[in-house]
There are 2 protein chains.
Amino acid sequence: MKIVTAVAPVNIAVIKYWGKRDEKLILPINDSLSATLSTDVMCAKTTILTSPDLKENKFWLNGKEQSFDNVRLKNCLTEIKKRCNSTLPYINWKIAICSENNFPTAAGLASSAAGYACLVYALAALYEIDGEISDIARLGSGSACRSVYGGWVRWQKGILSSGEDSIARPIASASHWPEMRVLVLVVNDNQKKYGSTIGMNHSVETSTLIRYRSESVIPQRIEEINKAILERNFHKFAEITMKDSNQFHAICLDTYPPCIYMNDVSHAIVNLVHHYNTYKEENKVAYTFDAGPNACIYLLESVLQEFLSIVNYIFPKPMDIKANDYFKGLPLDQTIIKKELMDDLNLTQNNEGVLKYLICTKVGEGPRLLTSSNEHLLQENGLPK
Amino acid sequence: MKIVTAVAPVNIAVIKYWGKRDEKLILPINDSLSATLSTDVMCAKTTILTSPDLKENKFWLNGKEQSFDNVRLKNCLTEIKKRCNSTLPYINWKIAICSENNFPTAAGLASSAAGYACLVYALAALYEIDGEISDIARLGSGSACRSVYGGWVRWQKGILSSGEDSIARPIASASHWPEMRVLVLVVNDNQKKYGSTIGMNHSVETSTLIRYRSESVIPQRIEEINKAILERNFHKFAEITMKDSNQFHAICLDTYPPCIYMNDVSHAIVNLVHHYNTYKEENKVAYTFDAGPNACIYLLESVLQEFLSIVNYIFPKPMDIKANDYFKGLPLDQTIIKKELMDDLNLTQNNEGVLKYLICTKVGEGPRLLTSSNEHLLQENGLPK
């Protein structure tokens with residue numbers, strides 16, 4: 001019997017991945033770039049066990065058994081086995097996989113990226129593979145390849161049809177910009193979801209602007225944000241981050257039928273951020289939105305409390321939700337309200353309960369193994385604990 | 001003393017004008033195309049009086065006196081006087097202008113287009129000008145040049161720096177497609193307005209996609225919709241109309257900071273239209289949105305009642321608003337509800353009062369003079385009646 005357990009992080013792109021040139025290999029039409037977030041706050045955790053006693057392959061996700069007959073899972077597993085030493089005694093044993101996220105999937109925070117990064121990282125440990133695995137994680141979920149590394153990570157689209165060169169590379173470590181914080185504003189929403197896989201395929205098929213974006217806008221933009229990150233130039237970093245989030249959603253709107261992820265609350269947050277930056281006469285805060293209405297706010301620690309006080313004022317916490325259930329992640333002072341600042345910003349207050357909750361986190365390290373046996377999610381018989 | 005009174009129509013673009021290459025002459029970066037709507041339902045009305053007894057130029061709009069010191073008004077007047085016979089005995093007399101819209105400006109229905117078309121048409125009559133005046137109306141408000149003609153009208157962007165070739169041309173008459181109807185869904189909204197002049201200037205300055213749209217998307221798209229209109233191919237007409245509305249709003253979103261005109265209700269209408277078209281297995285309805293949240297729906301008379309019944313079901317009329325204040329324009333049967341159709345569409349009902357009211361209208365003729373003296377908005381002394 002062999003067992004490994006790993007945790008892997010979520011990542012939040014500042015240059016967005018949207019559109020594939022190869023559906024099976026998940027090869028993108030443009031480079032993308034993200035920060036990996038601390039696993040202390042949000043992570044996927046996966047235990048994989050292999051044993052001669054297992055009768056069949058099994059897979060549990062967030063407490064529910066899933067079919068193993070999942071093409072993306074199989075693609076990852078096949079690729080891992082291709083690369084491992086074929087004389088490993090346990091290579092043909094069945095496996096049990098148990099995976100969970102420590103954050104609600106309702107947060108819409110690319111749980112599949114953390115999940116597949118974690119799966120592939122654990123598989124690589126199980127089958128003793130060294131070297132590049134971001135291209136294997138990519139086969140599970142495109143953006144998972146970026147969660148294989150900590151810090152600031154660029155996914156190079158690559159040009160080969162094999163996909164070998166479509167890999168992630170760290171451009172700066174987690175400690176490079178230590179003051180960087182991320183505030184996730186989870187928006188209450190009951191819209192039906194336009195899945196991101198379907199959405200990006202429709203965009204490639206129908207948007208008349210997407211090729212121009214991938215070929216003529218992103219190449220320059222990604223070099224500029226790379227430079228801004230290396231120079232820790234927040235003003236420039238924020239401008240490019242916001243522009244790229246908006247352009248990604250512009251492409252979604254240019255899709256036929258359009259795929260709409262942001263809602264009125266998302267746009268109220270956009271408006272708040274621009275008002276605040278104008279008030280500060282410099283970009284102090286940057287928003288970015290993925291395929292959902294939740295805002296990810298990049299900001300430096302020095303403005304975190306002030307910006308949070310505005311968010312709390314404009315989007316009041318419902319009285320009936322406990323502070324601990326509303327302010328998640330790194331500790332925050334939730335009470336500060338600067339009355340004059342609110343008057344200067346002159347923004348409309350929203351009703352209570354417009355935001356579901358907030359998560360405060362920071363840039364962090366890549367996946368790692370947990371060696372203590374009480375960390376495993378599976379018992380020795382291959383069933384979940 | 002000389003007095004003239006004219007009415008002029010609103011127009012609704014299906015290929016949108018967004019972005020200028022010359023701010024003063026109001027020269028656009030792309031062609032646009034619209035239908036002129038019947039003046040029986042919505043129109044601007046303008047009376048102009050000139051008399052040797054007037055001491056100064058005066059201007060009233062919707063019952064309020066305005067400053068005559070308005071650069072766009074002056075540009076129109078200067079150009080009119082350049083083109084008229086300079087020996088006209090009254091050419092140097094002062095003038096009084098009184099203008100009103102018969103529809104609420106709150107409808108966000110490009111009242112300036114109808115207003116400037118009416119002003120220029122009335123001025124041309126007053127100063128006895130024959131020939132092209134769409135380029136003069138353009139100096140007042142870009143899209144006003146399209147309201148100078150009835151039916152289906154294309155505004156050619158032109159290439160000359162003088163602007164002489166940036167004129168409107170009818171491509172089909174009002175009677176060409178007699179079944180065409182337009183349903184305006186006026187959305188309740190309290191957002192602060194991002195003015196369209198500022199919006200389009202910001203787009204030209206900051207959007208990295210707008211040039212590609214104007215240079216590489218529109219030229220082909222406008223030929224296709226021209227053809228679809230001439231062939232009365234509603235399916236194709238609808239597809240292009242919806243795609244172009246979405247692309248215009250995509251460009252707005254790609255602007256920095258983004259200018260957001262559509263809200264959650266607008267997107268719910270978009271969703272409803274796509275559901276209905278999917279259900280009918282053909283495009284039967286097309287939406288288009290200008291610089292505001294209101295939907296303009298193009299559809300043929302044959303589906304008007306059925307589509308209206310869905311709108312009434314999904315967006316219920318508030319009980320406390322009288323039907324006559326809610327269903328404006330051409331007469332409609334407001335009561336039909338097909339229960340099975342609603343079940344098949346499986347859409348979420350909204351609260352009452354999400355829509356402010358509806359206007360039903362059709363494609364109509366261009367501006368015309370009203371000769372009966374009781375139509376004039378001004379008394380013989382140059383003051384409003």
Side-chain angles (χ1 to χ4, degrees), chain A residues 187 189-192 194 203 206-218 220-221 238-278 283 287 289 293 346-348, chain B residues 187 189-192 194 203 206-218 220-221 238-278 283 287 289 293 346-348:
Chain A
V187 171
D189 184 49
N190 44 19
Q191 258 187 279
K192 281 171 204 158
Y194 200 141
S203 291
T206 65
S207 168
T208 51
L209 302 175
I210 193 170
R211 284 277 156 202
Y212 185 78
R213 164 173 164 75
S214 63
E215 290 168 12
S216 302
V217 179
I218 301 253
Q220 188 188 341
R221 190 170 270 183
E239 180 184 323
I240 300 171
T241 296
M242 294 188 280
K243 283 183 172 175
D244 203 67
S245 174
N246 291 332
Q247 187 168 88
F248 151 49
H249 290 280
I251 297 298
C252 292
L253 186 45
D254 188 51
T255 298
Y256 183 78
C259 39
I260 302 303
Y261 296 113
M262 296 172 75
N263 65 19
D264 286 352
V265 176
S266 313
H267 289 296
I269 295 167
V270 165
N271 195 34
L272 185 163
V273 169
H274 285 293
H275 264 76
Y276 182 68
N277 287 337
T278 302
N283 293 330
Y287 54 78
F289 294 82
N346 190 25
L347 290 161
T348 312
Chain B
V187 171
D189 185 50
N190 45 18
Q191 258 186 281
K192 281 171 206 159
Y194 200 140
S203 291
T206 65
S207 169
T208 51
L209 302 175
I210 193 169
R211 285 278 156 200
Y212 185 78
R213 164 172 163 75
S214 63
E215 288 168 12
S216 301
V217 179
I218 301 253
Q220 189 186 341
R221 190 170 269 181
E239 180 183 322
I240 301 170
T241 295
M242 293 188 282
K243 283 183 172 174
D244 203 67
S245 174
N246 290 332
Q247 186 167 90
F248 151 49
H249 290 280
I251 297 299
C252 291
L253 187 44
D254 188 51
T255 298
Y256 184 78
C259 39
I260 303 303
Y261 295 114
M262 296 171 76
N263 64 18
D264 286 353
V265 176
S266 313
H267 290 296
I269 296 168
V270 165
N271 195 34
L272 185 164
V273 169
H274 285 293
H275 264 77
Y276 183 69
N277 287 337
T278 302
N283 293 331
Y287 56 76
F289 294 82
N346 190 24
L347 290 161
T348 313

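First the proteins, then the strands, lettered A, B, ... as listed; each starts at 1. The structure displayed is predicted, hence computed values, not measured ones.
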message: Quick check on side chain to side chain contact (heavy atoms under 4.5 Å, CB included): which of B:Arg221, B:Gln220, B:Lys243, B:Arg213 does A:Thr208 satisfy it with?
response: B:Arg221

- prompt: A:Tyr256 vs B:His274 aromatic rings, parallel, tilted or perpendicular, using cut-offs 30° and 60°?
  reply: perpendicular

query: Who are the side-chain contact (heavy atoms from CB on, under 4.5 Å) partners of B:Asn271, not counting sequence neighbours?
result: B:His275, B:Leu347

field: Heavy-atom pair of closest approach, residues A:Leu209 and B:Ile251
entry: CD1-CD1, 4.3 Å

message: With a 4.5 Å cut-off on side-chain heavy atoms, are B:Leu253 and A:His267 touching?
response: yes

